[in-house]
There are 2 protein chains.
Amino acid sequence: MPGWSKTWTFFFMFVLMEKLIKDSKAASEYLSHISLDCAVFCFQGGQLKVLLLKSRKRQQWMLPGGFVRQDEDVKDAAHRALKERSGAQKVFLQEFAVFGSPARTKGNKDLFDAHAWLGQRFISIGFYALVNYLSVTLVADHLSEACEWCSVDHLPEMALDHKDILNQALESLRQHLNFKPIGYNLLQEEFTMPELQRLYETILGKKLHRGNFARKILSFNILEKLEEPRKGGAHKSPNLYRFNHENYKAALENGFQQMFN
Amino acid sequence: MPGWSKTWTFFFMFVLMEKLIKDSKAASEYLSHISLDCAVFCFQGGQLKVLLLKSRKRQQWMLPGGFVRQDEDVKDAAHRALKERSGAQKVFLQEFAVFGSPARTKGNKDLFDAHAWLGQRFISIGFYALVNYLSVTLVADHLSEACEWCSVDHLPEMALDHKDILNQALESLRQHLNFKPIGYNLLQEEFTMPELQRLYETILGKKLHRGNFARKILSFNILEKLEEPRKGGAHKSPNLYRFNHENYKAALENGFQQMFN
DNA sequence: ACAAAAGTGTTGTTTTTACACCCATGA
DNA sequence: TCATGGGTGTAAAAACAACACTTTTGT
């Protein structure tokens, strides 16, 4: 087409591309090939739990995830995805790994065949999130029929490589226990010593000695004991503590030098 | 255009898009918006060094980086980038962070204005690599006029957020010292006790006690002493050691329980 | 002779670990 | 009274840190 100027070629292209873009809102709204998956943890009933969605189409459990808008920070995208799913804002979010094998989303076309855009290859950025069980209201998205907390000790079968992602999130959680404000974000603002100990025991996967645990964690001066104990339990009212933000933050900067192993 | 069928619309689009794609080889070869940056470390002359490239266009130092092919594993892409830059294959590579702020590549257009594709927003996946100084031959790419080892103690100004990426790589290196085969990958196959100690001292940034260091690291049974010492030095020939792969690997699986802090 | 490397012994300190008590209190 | 929570004392074991002294060996 020697008579066509470059300008005309581009003009036509844009007219046609606009139509394509309207067909697929996602293609213009989000960066292609990039997704994120979140392992959202809470601590409830003495158990570490993770938020799972059940896909409507295939009855498989999945981690909540999302995509990154054209001009959005990746971490903001994760916050947005999380807010939609749990109503929770200002959640503690930590990136822990990238899942970049081209094979990992081969099953996508099947899983999401109603949406062509979802059939592409995705490189997924893995985050773990820590939320307070009480401050959260679960909301299933339109692709999901259920949205539940599931104990990490009894995980169901999961779609794609999501079980793998979750296991790596758990491993990172363990390694970060002395470096990130994990206790602070998983517990309520006010908590008892047995609750804190059970959290540590659950994440580390082993029993800790009661007396020594309290002695050690108190020696860091990161806890403040409150005046009033928690009333209403079946037994002795336990003391309540909360974190001293300043000292906690300062202690994490260096990482707790061998806190608990 | 009611007479046009959807099929025709798409046919024209593809014809035109093909032309666009030919205009920009990169756009078809690589995933858009995704890059990777490598902090390549070696240990030489008692110093930890990092591989830097000097950009021809702006005389700024940069970390070597690359892009991910359409059907390529992200880690393979990092290996490929590294091989081009250093000739090194089978390098130890560890992903450590994602740099996903939309602001981070705002300077790109200026830096790479010869290549439109490079002006887009990039989410970069950060790797650190550990190489043996002797097994590497540096090669500058066509955008760079120099390619050098630079001591991490005397870093020059760097482009974009590369200094930030490098600092996070160093921090990760420190935290991984007891969990990843860092000594194994930075030293030669055969090394002396003072070399190993200096490596630990450099990464941790502090002096360690000679006698206690040797005692402790030998107690892990991860080293094998060779028959012959290293000849030719100015003083007493030091003993040579190498890692016992099996024991080293086993020890890393649990992480060295407080090895050196 | 000197300097770097190597090996080991010793000592005091700190940390860890494991028990053992004792007390408080809500049902 | 019992189950749970909370506080403390202490003793043995282990780990750590700091020194000191010795030996080896290539130049």
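Residue numbering restarts at 1 for every chain, and letters A, B, ... go by the order of the sequence lines. No hydrogens, no waters, no symmetry mates; every other heavy atom, side chains included, goes into these values.
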Next item on the list: Please list, chain by chain and in numerical order, all residues satisfying side chain to side chain contact (heavy atoms under 4.5 Å, CB included) with A/Asn221, sequence neighbours excluded.
Entry: A/Asn247

Mind listing the N/O atom pairs, protein and nucleotides 3-5 of chain D, below 3.5 Å?
unit_1, atom_1, unit_2, atom_2, d
D/dG5, N2, A/Lys236, NZ, 3.3

Rounded to whole angstrom units, what separation is found between the [atom1] atom of [X] and the [atom2] atom of [N]?
{"X": "B/Lys216", "N": "D/dA17", "atom1": "NZ", "atom2": "C1'", "result": "11 Å"}
{"X": "B/Gln197", "N": "C/dA5", "atom1": "CD", "atom2": "P", "result": "10 Å"}
{"X": "B/Leu196", "N": "C/dA5", "atom1": "CG", "atom2": "C1'", "result": "15 Å"}
{"X": "B/Glu195", "N": "C/dA5", "atom1": "CD", "atom2": "C1'", "result": "12 Å"}
{"X": "B/Phe213", "N": "C/dA6", "atom1": "CZ", "atom2": "C1'", "result": "14 Å"}
{"X": "B/Lys206", "N": "D/dC16", "atom1": "NZ", "atom2": "C1'", "result": "12 Å"}
{"X": "B/Lys207", "N": "D/dA18", "atom1": "NZ", "atom2": "C1'", "result": "16 Å"}

Table of protein N/O atoms under 3.5 Å from nucleotides 9-11 of chain C N/O atoms:
unit_1, atom_1, unit_2, atom_2, d
C/dG9, N7, B/Arg215, NH1, 3.3
C/dG9, O6, B/Arg215, NH2, 2.9

Next item on the list: Tell me whether the centres of the aromatic rings in A/Tyr248 and A/Phe220 are closer together than 6.0 Å.
Entry: no

Next item on the list: Sequence neighbours left out, what passes side chain to side chain donor-acceptor pair (under 3.5 Å) with B/Asp164? Give chain and number order.
Entry: none

Item checked: Partners meeting salt bridge (charged side-chain N to carboxylate O under 4.0 Å, His left out) with B/Glu171 (sequence neighbours left out) -> B/Arg174

Taking distance alone, no hydrogens or angles, what donor-acceptor pairs closer than 3.5 Å link side-chain atoms of residues 35-46 of chain B to residues at least two apart or in another chain?
unit_1, atom_1, unit_2, atom_2, d
B/Ser35, OG, B/Ser124, OG, 3.1
B/Asp37, OD2, B/Ser124, OG, 2.5
B/Gln44, OE1, B/Lys49, NZ, 2.7

Next item on the list: Let me see the working for A/Leu173 and A/Leu177 under side-chain contact (heavy atoms from CB on, under 4.5 Å), right down to the final yes or no.
Entry: CA-CA 6 Å; A/Leu173 196 60; A/Leu177 191 53; over 6 Å; no

Notebook entry, point to check: Between CG of A/Leu63 and NZ of A/Lys163, what distance do you get to the nearest 0.5 Å?
Noted result: 10.5 Å

Note to self: Please determine whether side-chain contact (heavy atoms from CB on, under 4.5 Å) holds for the pair A/Leu52 and A/His162, giving the CA-CA distance in whole Å, both sets of side-chain angles, and the decisive distance to 0.1 Å.
What the structure shows: CA-CA 10 Å; A/Leu52 297 183; A/His162 284 202; over 6 Å; no

Next item on the list: Scan B/Tyr241 against the nucleic acid and name what it touches under 4.0 Å (heavy atoms): base, sugar-phosphate only, or nothing.
Entry: sugar-phosphate

Check: Near B/Tyr184 OH, under 6.0 Å, is it more than 12 heavy atoms from other residues, nucleotides or ligands?
Finding: no

Checklist line | C/dA5 phosphate, OP1 or OP2, under 4.0 Å from B/Lys225 side-chain N/O | finding: no

